[in-house]
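Just so you know, these numbers come straight off a predicted model, no measurement behind them. Numbered from 1 within each chain, the chains take letters A, B, ... in sequence-line order.
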Amino acid sequence: MSDAAFQSEFLKTMQARGYIHQITHPAELDVAARTGVVTAYIGFDATASSLHVGHLIQIMMLRRLQQAGHKPIVLMGGGTTKVGDPTDKDGQRPLLTDAQIQGNISTIKGTFQKFLTFGDGPTDAAMVNNDDWLSKFGYVQFLRDYGVHFTINRMLAFDSVKNRLEREQPMTFLEFNYMLMQSVDFLELARSHGCVLQMGGSDQWGNIVNGVELIRRVDQKAAFGLTTPLLSTASGQKMGKTVGGAVWLNADMRSPYDYWQFWRNTEDADVGRFLRLFTDLPLDEIARLEALPGAEINDAKKVLANEATRMLHGADAASRAAAGAQDVFERGTLSAELPVVEVSKAEFPDARTTATLVKEAGLAASLGEARKLIANGGVAINDQRMTTDDKHTYDQLLPDLQAFKVQVGKKKIVLVKPT
RNA sequence: GGGGGAAUGUCCCGAGUGGCAAAGGGGGGGGACUGUAAAUCCCCUGCUGUAAUGGCUUCGUAGGUUCGAGUCCUACUUCCCCCA
């Protein structure tokens with residue numbers, strides 16, 4: 001992919017900021033993006049009630065597209081989610097009910113409004129749901145209209161299928177059809193919206209190429225595919241997994257404070273890359289930030305955290321998160337941004353033990369785990385490191401908050417408030 | 001329809017053929033060193049618990065043999081491979 005000299009603003013930006021892994025017809029796409037409005041889409045399946053940071057690079061691509069004067073389409077996979085994408089999976093996942101899928105779509109939708117401008121204008125973003133067309137096909141009609149264009153020989157060669165077979169993991173016929181459905185999506189959007197480009201993660205390459213070829217073969221129209229590199233951290237971890245599990249984008253599943261923390265904890269070597277991908281800062285400013293020596297790189301991480309949090313949760317939430325972080329980590333004081341867990345005094349009328357507090361704070365799954373943390377020196381109550389499972393009476397509550405400050409490790413702090 | 005194999009600590013991979021709470025990895029968690037980073041080193045990783053050579057629950061499911069079963073027997077379930 002050494003398509004060094006792109007002419008279009010869109011592809012130049014995409015290239016410079018590190019979004020491009022593969023493109024199907026780079027030169028042609030470059031011309032299209034330079035001479036007119038390109039309509040492009042990315043599909044998102046509704047497998048959870050929120051998207052997570054793993055989706056963020058895709059969302060940002062749509063944002064870059066719109067910024068460059070083109071038209072983004074968000075495709076909600078209401079129909080494809082019913083089947084389940086087999087890519088990168090060892091086996092069939094439990095199937096979601098229609099109601100679950102509908103629920104997930106409704107809670108996911110809002111995220112896109114933070115990043116894109118929706119409307120009826122020529123470059124306004126649109127949102128569609130592939131259930132609208134996929135669920136209308138009859139089986140025989142679908143096979144006759146689209147099945148004829150796919151050979152099993154070829155489908156078996158795609159990684160998503162091949163890996164399963166090589167690993168001797170079963171792949172059901174249901175999953176096998178996912179690829180066709182995604183190809184039909186692209187064709188449908190090409191016809192109804194003049195969509196010419198599908199983007200996605202590198203694992204979607206096979207699915208995307210199939211759609212491109214379907215359009216070129218059936219409608220003899222230009223169609224393109226573009227994939228992003230697989231995002232991992234510099235030390236090889238899959239991006240987005242942290243102490244608290246997945247990094248959700250919905251505020252009710254991961255607070256702005258925690259979201260800010262996620263970005264603040266970026267590895268040194270990733271700061272520049274993430275600034276380019278996940279903020280709108282100009283490239284020269286990013287170059288300056290990532291060149292900061294030694295511990296000063298922390299300032300770049302704060303900028304990253306501020307910008308990323310602001311884009312998703314708004315300026316107020318971002319500055320509160322930043323101020324909270326300053327209180328907690330730089331001044332060692334309390335912050336209203338810390339999560340609060342309310343517990344009942346009734347069960348323990350006199351006092352709570354350290355282990356009980358840790359468990360109730362949600363920082364340990366069981367009392368045994370909490371005790372191990374204490375034994376390892378990982379627990380502090382009200383900033384006092386605990387080495388034994390002591391009792392804490394309620395007159396030891398922090399006076400201003402009427403709560404215990406429960407800390408596990410360096411970064412996990414919860415206020416436990418008995419009521 | 002016939003034959004052969006496989007399911008292990010509910011995150012994953014994977015040893016284990018009568019004494020096993022079950023080797024070893026990975027992942028995860030804690031500590032030390034630092035800069036709320038990485039790398040490195042140490043510890044932990046079934047539940048419960050007066051941290052007891054304690055109790056309880058684990059090796060696909062259900063029974064059986066045995067003082068004792070992940071390990072042996074029977075049936076069943078699911079998956080893989082080969083033959084038809």
Side-chain angles (χ1 to χ4, degrees), chain A residues 86 88-94 161 163-175 232-247 255 257-275 289-306 308-309 321-335 337-338 353-356 358-359 361-381 383-391 406-414:
Chain A
D88 284 340
K89 298 190 180 62
D90 269 351
Q92 173 83 53
R93 293 278 187 82
V161 180
N163 291 344
R164 269 296 176 88
L165 296 177
E166 277 171 4
R167 301 200 59 185
E168 298 190 350
Q169 298 292 330
M171 171 178 254
T172 63
F173 186 66
L174 177 78
E175 296 173 280
S232 55
T233 66
S235 54
Q237 300 293 308
K238 199 167 185 178
M239 164 121 191
K241 293 288 177 192
T242 60
V243 283
V247 181
S255 69
Y257 174 82
D258 271 343
Y259 190 71
W260 194 95
Q261 283 298 319
F262 168 74
W263 293 106
R264 174 63 246 269
N265 286 306
T266 296
E267 294 176 26
D268 289 7
D270 291 325
V271 177
R273 196 156 54 104
F274 288 179
L275 281 167
L289 286 168
E290 73 175 328
L292 289 173
E296 283 181 45
I297 195 78
N298 283 327
D299 291 336
K301 295 183 192 179
K302 286 181 201 170
V303 172
L304 172 63
N306 285 335
T309 307
Q326 206 176 14
D327 288 341
V328 172
F329 291 104
E330 292 176 24
R331 281 200 273 277
T333 58
L334 293 169
S335 166
E337 294 301 305
L338 292 172
T353 66
T354 306
T356 310
V358 169
K359 183 174 177 233
L363 299 176
S366 66
L367 282 175
E369 188 182 320
R371 288 199 181 86
K372 278 165 196 155
L373 287 169
I374 295 166
N376 284 329
V379 175
I381 305 293
D383 295 317
Q384 291 234 296
R385 181 158 298 208
M386 296 291 121
T387 50
T388 52
D389 193 2
D390 300 331
K391 292 206 168 185
V406 180
Q407 177 168 6
V408 168
K410 286 179 193 147
K411 299 172 189 172
K412 288 179 287 192
I413 303 172
V414 174

Where the side chain of A/Arg371 meets the backbone of A/Ala355, is there a donor-acceptor pair that is under 3.5 Å apart?
no

Checking all strands, does A/Ala364 fall into the base, sugar-phosphate, or nothing category for heavy-atom contacts under 4.0 angstrom?
nothing

What is the per-nucleotide protein-contact pattern of nucleotides 41-47 of chain B, from the 5' end, where B denotes a base atom under 4.0 Å from a protein heavy atom, S denotes such proximity for sugar-phosphate atoms only, and - denotes neither?
--SSS-S

Please evaluate the base of B/U36 for a donor-acceptor partner in the side chain of A/Lys412 within a cut-off of under 3.5 Å?
no

Using the P atom as the reference point in each nucleotide, state the distance between B/U48 and B/C43 in Å, no decimals.
24 Å

Between B/U45 and B/A6 - C1' atom distance, rounded Å
28 Å

Non-hydrogen side-chain atoms of A/Leu338 and A/Val414 separated by less than 4.5 Å
no

Please give, in whole Å, the distance from B/A37 C1' to A/Asp299 CG?
13 Å

Measuring from the side chain of A/Arg371 (C-beta onward, heavy atoms only), which nucleotide among B/G49, B/U36, B/G35 has the closest atom?
B/G49

Find out whether A/Val358 and A/Val406 are in side-chain contact, i.e. whether some heavy atom of one side chain is under 4.5 Å from a heavy atom of the other.
yes

Which nucleotide in the list B/G35, B/U36, B/A38 gets nearest to the side chain of A/Glu267?
B/A38

If I take atom NZ in residue A/Lys410 and atom P in nucleotide B/G31, what distance separates them, rounded to the nearest angstrom?
6 Å

Looking for any heavy atom pair under 4.0 Å, which part of the strands does A/Gln261 touch: base, sugar-phosphate only, or nothing?
base

